[in-house]
S.K.: 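Shown below is the structure under consideration.
Numbered from 1 within each chain, the chains take letters A, B, ... in sequence-line order.
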Amino acid sequence: MAYFAQQAVNAISLGFLYALIGLGYTMVYGVLTMINFAHGDLFMLGAFVCLLLVTFSPVALPFPVLLILVMVIIGGLGVLIERLAYRPLRQAPRVSAVITALGCGLVISNTTLSISPYSRAMPEVFDDRYFNVLGVGVSTLQVLIIGVSLALMIGLDALIHKSRFGMALRAVAYDAGTVPLMGISVNRIISLTFLIGTGLGGAAGMLYGMSFPVISASMGILVGWKAFIAAVIGGIGNIRGAVLGGFILGTVEIFSVATLPSTYRDLISYSLLLVILIFKPYGILGRAPNIKV
Amino acid sequence: MSALLEVEDVTMRFGGLCAISHCRMTIPAGITHGIIGPNGAGKTTLFNLITGIYRPTEGRIRFQGRDISGQRPSRIALGGIGRTFQNIRLFKNLTALENVRIAYDTQLHYGPMESLLRIGRHRRSEDESIARSMALLEHFGLAGLASLHASELSYGAQRRLEIARALALKPSLLLLDEPAAGMNTAETAILTEFLRDIRSHFQVTMILIEHHMHLVMNLCDQITVLDFGRVIAEGSPAEIRANPRVIEAYLGESAE
Amino acid sequence: MENTRRFCVRVAECRWILPLLFAAGLAFCVIAESGGLLNSYTRFALTTMAVNVILCASLNLVNGYLGEFSVGHAGFMALGAYASAMLTTRLFPQMPALFIPALLAGGLVAAGIGFLLALLSFKTRGDYLAIITLAFLMIVKSALENIPWVGGPRGIAGIPTLTTLPVAFVAAAATLWTIRNLIFSKFGRAVVAIREDEIAANAMGVRTREAKILAFSVSSFFGGVAGALLAHQITFINPGSFDIIKSTEILVMVYLGGIGSLAGSVLGAVIFTLLSEALREFGTWRMVILPLILVLLMLFRPRGIMGLKELPWFLPRRELATRRKKS
């Protein structure tokens, strides 16, 4: 029973991480109906930026400052990629943008790989401690991951449903053609979406790097793409779907590793994705796009 | 006169929106039937139901006595219902000839192995398909444009090509969705004659959605008026012209 | 100027140039292989080029002609490579004569799985189909890693070197011939019609489900054959050889040469192979430069060098006649 509870805590913390990465995919998809295949690699870069900051900063940066810096840097990079590579293709066939995103992702991951061919250890950002809650071991880091993720998600939800920006964002997602007629700059909304979406991905990269203190250039493909699966399982384009998908994937992974050889983990998660997409082609909470004839 | 198409109490709902409600229509073979009604009355939805793009929420559609509701669109097309689209849907990057050939292909009978090895029925069928498709383009005055991409054709030529493509299916029922959209009075008059010619030459029953009253009144044998997804009137052009409900719902508003 | 143009058109429409090129190419390959005309490095590179032509033309069937976006081609390669390598190393070793059946078996295994994948995902298209092919690729890779019988993560070593230059050349020519014959038939036209407008294609009686399944099966068949050829060229395979990077390489070739064009596929594969060999000394930076080329390509020439145009050499005679513009 204690073992089960322990695994449940691990599953929740992993699920939150997947959800945090998945949110970036989902936000961009919701607004542009485009899969940002580079998102996973920006997530990976989040961990590396944190490593760089900790290593080269003359003063020891406290955790909140570090987190904000990483989010701003990665978010800015996301905006830059959108500006340079995706925006010129907005009128082009959809496939062109997807290929471009895939290409951008590979450029990022392979540049990182070329500069840092081996995995690196993530330094400790703060003093991590384990404490015992009803016989279950919970680390400060896990609490922090859950707390930060929860705060970011609640903030995002409020932003989308309560603020003017959120209203504009939902309007662009609904009908990007009409929105400029209302005096709203679509480009600005899309830039902000990338800033927030990839910023969350960067934060997730940092938290992931801290909890599995080894980071590598292949993290984007190995972890980022799985978070993407989570978003798709939940129904891509749907923010609650990303969170739901993250938890499903986190749970499946933790318990498959607990019961089967760990090499089966990817096999199981990708098979789960395939099965869900075959039976629910648009995810659990997603809806089929309207076709106009 | 036997009924070619029967729409039996068909209802179509999209979520809470009821696009078509308890629609009934009987189209006898050989006639030209007009569907008119204000924008958003459900006319195109009705076409999409007949051609299988949507499955009716309630009711049934019979074609030549067989129930076709819920069948795949390709099966319905092969069964003998050809159509055009309100916003022209040609295969833009293919030549005019290829556009027609794709529809004509459905009548060719050869297997994948035959075309892989270029033997048997493949050669004969392909030659025949080109000759027949060219003849069809000729009839539509498009033979000289056969090797142009569909996107390179003028608007009028694209409209004609779309009708030619639908006729390459050898349909017994042809659905035309606003064939005169974007045309002026003179062009519409030419189109009317053109459709008259198609009707006699290809012996095809036609249903057309149209806003140009002149064309509808001139060409159609019977007319159905839709408003908010309901059939509000049905009859000959003379009857429709005199129907107060129609004038109220449609003609009165558009002040034609 | 006008004369040069007319000369080019005449050469392009000449019916016997392609067969002549084939005969000359085959003769060259046989002499190079047996007579030691080229050093082994050049022979190896040319063989890679031929295999790449197969990969590019077969992926073009799905990504170019059908207009979907598959990132799973490396998965089909893996299936073909493993199936054929199991046959030549375990089932009938030391029997080079059975290489052709082994190649076909590799292709058939891949085609079978491709058929199944298309059958299961017929409802899905666009981005979601891309995700399905991605999941498929990951599943194949991690499944192979978990099957000890095929070597697990270490893969299969000691595969006999059976992919010689003439074999690869003939296989590439056969692939092009088959795909060309398929494209210029009612089956190919149905596939292209789906790319242009699926709803209109349906309304014109095109059986879209069957056409998609056909395109996927044929594409994965040749993906499998190419994988089998690769396995017997490099003599050592492991699941890592067939990852997303491999898929991306094929995507670069397809979009470089031109979607929906066989001439483009040949061009794309040739240019890519030369480029890739030239960049070899850059190590992992090679995989930074290649995706960068892909991105720039998408930004400035999204339909590749040939676009949707086809070189008249690849057109059947009767198609050529219909395409000649009246002057």
S.K.: Pick whichever of Ala193(C), Pro316(C), Ala201(C) has the most heavy-atom pairs under 4.5 Å with chain B.
M.R.: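 Maximum pair count with chain B is reached by Ala193(C).
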S.K.: Salt bridge check: are Arg317(C) and Glu126(B) linked by an N-O gap of less than 4.0 Å?
M.R.: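 Here Arg317(C) does not pair with Glu126(B) in a salt bridge, since their nearest N and O are not under 4.0 Å apart.
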S.K.: Heavy-atom distance under 4.5 Å to chain C: side chain of Leu145(B), backbone, both or neither?
M.R.: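 Contact with chain C is absent: no heavy atom of Leu145(B) under 4.5 Å.
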S.K.: Non-hydrogen atoms of chain C under 4.5 Å away: do they reach the side chain of Ile130(B), the backbone, both or neither?
M.R.: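 Looking at Ile130(B), just its side chain touches chain C.
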S.K.: In Å, rounded to the nearest 0.5 Å, how long is the span from NZ of Lys92(B) to CZ of Arg195(C)?
M.R.: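 Reported to 0.5 Å precision, the distance equals 12.5 Å.
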S.K.: Step through the shown structure and confirm whether more than 12 heavy atoms of other residues, nucleotides or ligands are within 6.0 Å of CZ on Arg72(B).
M.R.: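 Correct, the count exceeds 12.
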S.K.: With a 4.5 Å cut-off on heavy-atom pairs, point out which of Ala150(B), Pro171(B), Gly79(B), Pro112(B) contacts chain C the most.
M.R.: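 Max contact count across the listed options: Pro112(B).
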S.K.: So do Lys186(C) and Ser125(B) actually touch side chain to side chain, heavy atoms under 4.5 Å?
M.R.: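 The answer is no; the side chains never approach within 4.5 Å.
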S.K.: Which one wins on heavy-atom pair count under 4.5 Å against chain C: Leu90(B), Leu108(B), Thr51(B)?
M.R.: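 Option with the greatest count: Leu108(B).
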S.K.: Answer whether the closest heavy-atom distance between the side chains of Thr95(B) and Thr322(C) falls below 4.5 Å.
M.R.: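 Thr95(B) does not reach Thr322(C) side chain to side chain.
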S.K.: Looking at Arg318(C), I want to see if its CZ is surrounded by more than 12 non-hydrogen atoms of other residues, nucleotides or ligands under 6.0 Å.
M.R.: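 Counting neighbours around CZ of Arg318(C), more than 12 heavy atoms of other residues, nucleotides or ligands fall under 6.0 Å, so yes.
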S.K.: Roughly how far, to the nearest 0.5 Å, is the CG atom of Asp197(C) from the CD1 atom of Ile88(B)?
M.R.: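 Ile88(B) atom CD1 to Asp197(C) atom CG measures 12.0 Å (nearest 0.5 Å).
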S.K.: Count the heavy atoms belonging to other residues, nucleotides or ligands that lie under 6.0 Å from CZ of Arg199(B), then report whether that count exceeds 12.
M.R.: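 Counting other residues, nucleotides and ligands, CZ of Arg199(B) exceeds 12 neighbours.
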S.K.: Please give me the minimum heavy-atom distance between Ala200(C) and Phe91(B), naming the atom from each residue.
M.R.: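 Reported closest heavy-atom pair: CB-CE2, 4.0 Å.
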S.K.: What part of Asn99(B) gets closer than 4.5 Å to chain C, counting heavy atoms only: side chain, backbone, both or neither?
M.R.: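 Interface part for Asn99(B): neither.
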S.K.: Contact part of Leu169(B) toward chain C, heavy-atom cut-off under 4.5 Å: side chain, backbone, both or neither?
M.R.: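 Contact with chain C is through the side chain of Leu169(B) alone.
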S.K.: Got a second to check how far Asn181(C)'s CG is from Glu114(B)'s CD, nearest 0.5 Å?
M.R.: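 CD of Glu114(B) is found 13.0 Å from CG of Asn181(C).
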S.K.: To the nearest 0.5 angstrom, please state how far the OG atom of Ser185(C) sits from the CG atom of Asp105(B).
M.R.: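 Reported to 0.5 Å precision, the distance equals 8.0 Å.
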S.K.: Is there a side-chain contact between Arg118(B) and Phe184(C) (heavy atoms, below 4.5 Å)?
M.R.: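 A side-chain contact under 4.5 Å exists here.
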S.K.: Under 3.5 Å, side chain of Arg165(B) to main-chain N/O of Met204(C), donor-acceptor pair present?
M.R.: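 Flag not set: sc Arg165(B) to bb Met204(C) has no pair under 3.5 Å.
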S.K.: Pull out the residues in residues 101-111 of chain C that come under 4.5 Å of chain B, heavy atom to heavy atom, sorted by number.
M.R.: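 No residue falls under the 4.5 Å cut-off.
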S.K.: Do the non-hydrogen side-chain atoms of Ser74(B) and Asn202(C) ever get within less than 4.5 Å of each other?
M.R.: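 Yes, at least one pair of side-chain atoms sits under 4.5 Å.
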S.K.: Looking at every heavy atom in both Leu116(B) and Trp177(C), which two are closest together, and how far apart are they?
M.R.: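 Looks like O-CH2, 3.4 Å.
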S.K.: Which pair of non-hydrogen atoms, one from Asn93(B) and one from Glu196(C), has the smallest distance, and what is that distance?
M.R.: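 Answer, listing the atom of Asn93(B) first, then Glu196(C): N-OE1, 2.8 Å.
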S.K.: Which atoms of Tyr110(B) are under 4.5 Å from chain C, going by heavy atoms: the side chain, the backbone, both sets, or neither?
M.R.: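 Tyr110(B) touches chain C through backbone and side-chain heavy atoms alike.
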S.K.: Give me the atom names and distance for the closest heavy-atom approach of Phe85(B) to Ala203(C).
M.R.: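 In this case the closest contact between Phe85(B) and Ala203(C) is CZ-CB, 3.8 Å.
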S.K.: Step through the shown structure and confirm whether more than 12 heavy atoms of other residues, nucleotides or ligands are within 6.0 Å of NZ on Lys170(B).
M.R.: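 Correct, the count exceeds 12.
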